[in-house]
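This report refers to the structure that appears directly beneath it.
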Amino acid sequence: MNESDIKKNYIKKIKEFKKHNKLYFEDNSPIISDKEYDQIKKEIINLEKKFSYLNSSSSPSISLGYAPSKNFIKFKHRVKMLSLSNAFEIEDLNNFEKKIFNYLNQEIEVEYSVEPKIDGISASLTYKNGLLVTGTSRGDGSTGEVITENLKTIKDIPQKITFKDFPKDIDIRGEVFIKKKDFNELKDNFANPRNAASGSLRQKNPKETKKIPLNFIAYTYGYFESENIKYQSDFLKSLKRWGFKTNDHNKVLKTIKDLEIFHKKFENERFDLEYDVDGLVYKVNSLEVQKRLGFTANSPRWAIAHKFSADSAYSQITDINIQVGRTGALTPVARIKPVNIGGVVVSNATLHNEDEIIRKDIRLGDTVKVERAGDVIPHVVLVDLKKRKKSSKKFVFPKKCPCGFDTIKEFNKITKKYDAVRRCPDRGFECEKIAVEKIKHFISKEALNIDGLGKKVVEKFWDLNLIRYPQDIFNLDYAKISKLVGWGDLSVSNLKYSIDQSKKVSLDRFIYSIGIRHIGIENSKLLAEYTKSIANFLNFITNKNFNEFLNIDGIGETQINSLKIFFENKSNYSIIEKLSSLLNISDIKKNKDGKLLNVTFMITGKLVDMSRAEAKSLIEENSGSVVSTINKKLKYLIIGDKPTTRKVQQAKELGIKIISQKEWISLLD
Ligand code: IVH
């Protein structure tokens with residue numbers, strides 16, 4: 001699925017979720033069971049975990065129950081609850097200080113109150129004569145929701161304060177959050193601890209809030225009149241004395257250089273904390289100077305949040321597991337203590353391969369830096385050697401696959417080196433780990449594209465012994481499946497239907513679906529175009545005529561070798577034979593009368609509402625072709641969003657026509 005399909009699917013699920021919420025909470029007449037309702041919630045949350053760009057405000061990970069704001073009384077804050085501007089680089093900090101000097105029109109020596117920025121949600125507590133009278137959420141900053149009863153369930157929030165110097169009328173503000181270890185037990189229901197805290201706090205029923213262990217750390221005030229307190233750091237001390245929890249890591253620092261040093265140190269240590277921290281807040285310590293500086297529309301001039309880099313974090317390796325891929329590659333995966341990286345809780349990170357482990361000397365128990373970019377699998381960047389225990393031992397990479405077979409490292413004739421990757425040699429479905437992965441590949445979108453038979457279902461069917469080989473998919477025991485939890489008559493008949501539909505497949509997709517190493521989508525197309533029909537393809541294989549494929553432009557030694565190894569194996573061969581009799585494999589007829597005959601294209605940048613693969617097949621359906629290198633033969637370069645500048649430059653130099661997605665589509669009409 002491409003991004004737009006994923007979004008569509010997500011929105012569909014959110015709509016469904018909202019519909020059932022209304023039926024349950026507003027109409028009091030649910031039409032699905034709690035279990036089915038939980039399933040929808042889980043699906044939405046799983047999608048959010050996988051694709052960080054999915055973040056509907058109606059998500060169950062944010063709004064538990066039904067539109068909480070409707071359930072709460074509105075409250076206009078006496079003093080607005082503003083946000084903070086962000087700094088990412090030292091440059092931003094220097095600018096922040098410069099602006100302060102400019103505003104004050106003088107260079108003063110500034111002292112900063114430095115406070116960890118806990119990633120939770122803020123709340124305001126109004127105390128009158130020492131009694132907690134109202135507790136509110138931030139809302140839009142001007143108006144919040146009254147959630148007093150929910151806040152009262154938090155043990156860190158004092159309800160009565162008898163200290164003589166406690167102001168008669170004051171709003172205490174701070175962060176409500178959930179500890180990492182507590183989140184661990186709730187992680188199936190929420191995308192991250194912040195959402196868990198927010199969802200819990202805005203529950204209609206305070207009893208529900210009480211079930212989730214929330215914490216409160218106080219850090220500032222809203223409405224408050226006092227002549228006595230002169231520094232933010234003193235206010236924090238008073239808060240502690242009055243019975244509030246304050247952050248143990250709060251401190252006072254003087255220069256930007258000191259802030260920078262502390263930030264670096266804290267960024268590495270933060271994973272040891274019990275809660276998620278996404279940066280440090282620096283506040284001008286003198287309340288008098290704060291008053292002079294005042295606010296811009298959204299944030300105070302006297303404070304800034306210095307964020308940690310969003311896409312990396314430190315955590316500790318608790319285990320190293322070996323995963324086996326479709327091609328037999330053994331990939332070591334580090335299980336790490338869950339850590340929030342840019343809003344996503346990460347608990348696994350790839351270690352790539354044996355050589356990488358040796359090169360970085362990664363060991364069990366090590367504290368490591370984990371990086372996450374976009375939706376790719378998080379990976380371990382480096383080890384913090386200072387944190388390594390004396391007793392730690394080098395990690396010994398297993399020489400056997402979990403299936404029991406000896407693994408090998410292949411010798412690469414071109415680089416004249418052994419591969420970095422250790423593999424379980426393909427023995428044709430004998431290694432169970434490889435076999436499951438092969439079946440997953442067989443049903444995948446670019447292969448047979450069997451909707452309703454996702455990777456998880458394949459794993460389940462495998463565990464239940466319902467499938468061992470790809471051909472078993474066409475002989476499923478539906479009576480048994482319909483009795484499984486989560487499978488109703490409708491889902492079984494949908495599955496049957498999509499399996500039936502998948503039987504009609506083009507030769508190139510079929511070749512790809514077999515999952516021969518080095519024969520990806522492109523090479524499958526080349527082989528299909530050359531052999532033309534499944535009968536012919538099988539002939540080539542039976543006669544071991546592999547070397548003839550060397551005639552195909554694009555197919556080389558590596559591919560030929562891989563084909564040879566694959567078909568030397570009798571079980572592989574018999575699977576292909578069985579499949580070819582079960583499926584309706586269509587011949588390749590190159591469309592020779594399309595509008596784009598003999599026209600070559602190249603695509604750079606992101607297209608609107610269309611994946612690259614989709615664009616490519618559209619071009620090919622119209623007899624055109626897509627190339628991957630720029631040369632004089634190229635006719636059009638199609639430009640999407642954020643194109644590669646180098647490609648555009650090259651195209652210009654060679655006088656190649658540069659067109660937009662719209663212009664390209666108009667060529668088809
Ligand atoms: S001061 C006007 N101090 O960060 C001052 N905020 O973007 C604003 N936060 O909504 C608040 N730790 O939820 C302050 N020590 C701290 C904080 C903190 C976390 C959050 C708070 C606020 C957001 C500002």
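Both ligands and their constituent atoms are indexed starting at 1 by order of listing. Numbers here are sequence positions counted from 1. No hydrogens, no waters, no symmetry mates; every other heavy atom, side chains included, goes into these values.
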Stepwise side chain to side chain donor-acceptor pair (under 3.5 Å) check, Asn285 with Ser113: CA-CA 5 Å; Asn285 202 23; Ser113 167; 4.5 Å; no
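- Ring-plane geometry between His263 and His306 is classed as parallel, the angle between the planes falling under 30 degrees on a 0 to 90 degree scale with a further cut at 60.
- Ser392 pairs by the side-chain hydrogen bond (donor to acceptor under 3.5 Å, both in side chains) definition with Arg363, not counting sequence neighbours.
- Applying the ring-ring contact (aromatic ring centres under 6.0 Å, His included) test to pairs two or more places apart or on separate chains, none has a residue in residues 79-99.
- Residue pairs that meet the ring-ring contact (aromatic ring centres under 6.0 Å, His included) test with at least one member in residues 100-140, sequence neighbours left out, are Tyr127-Phe166, Tyr127-Phe244.
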Test log, rule side-chain contact (heavy atoms from CB on, under 4.5 Å), inputs Asp156 and Leu214: CA-CA 9 Å; Asp156 298 340; Leu214 293 172; over 6 Å; no
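- Each of Leu82, Ser83, Leu84, Glu115, Pro116, Lys117, Ile118, Ser122, Glu175, Tyr219, Val281, Lys283, Pro300 has a non-hydrogen atom positioned under 4.0 Å from some atom of ligand 1.
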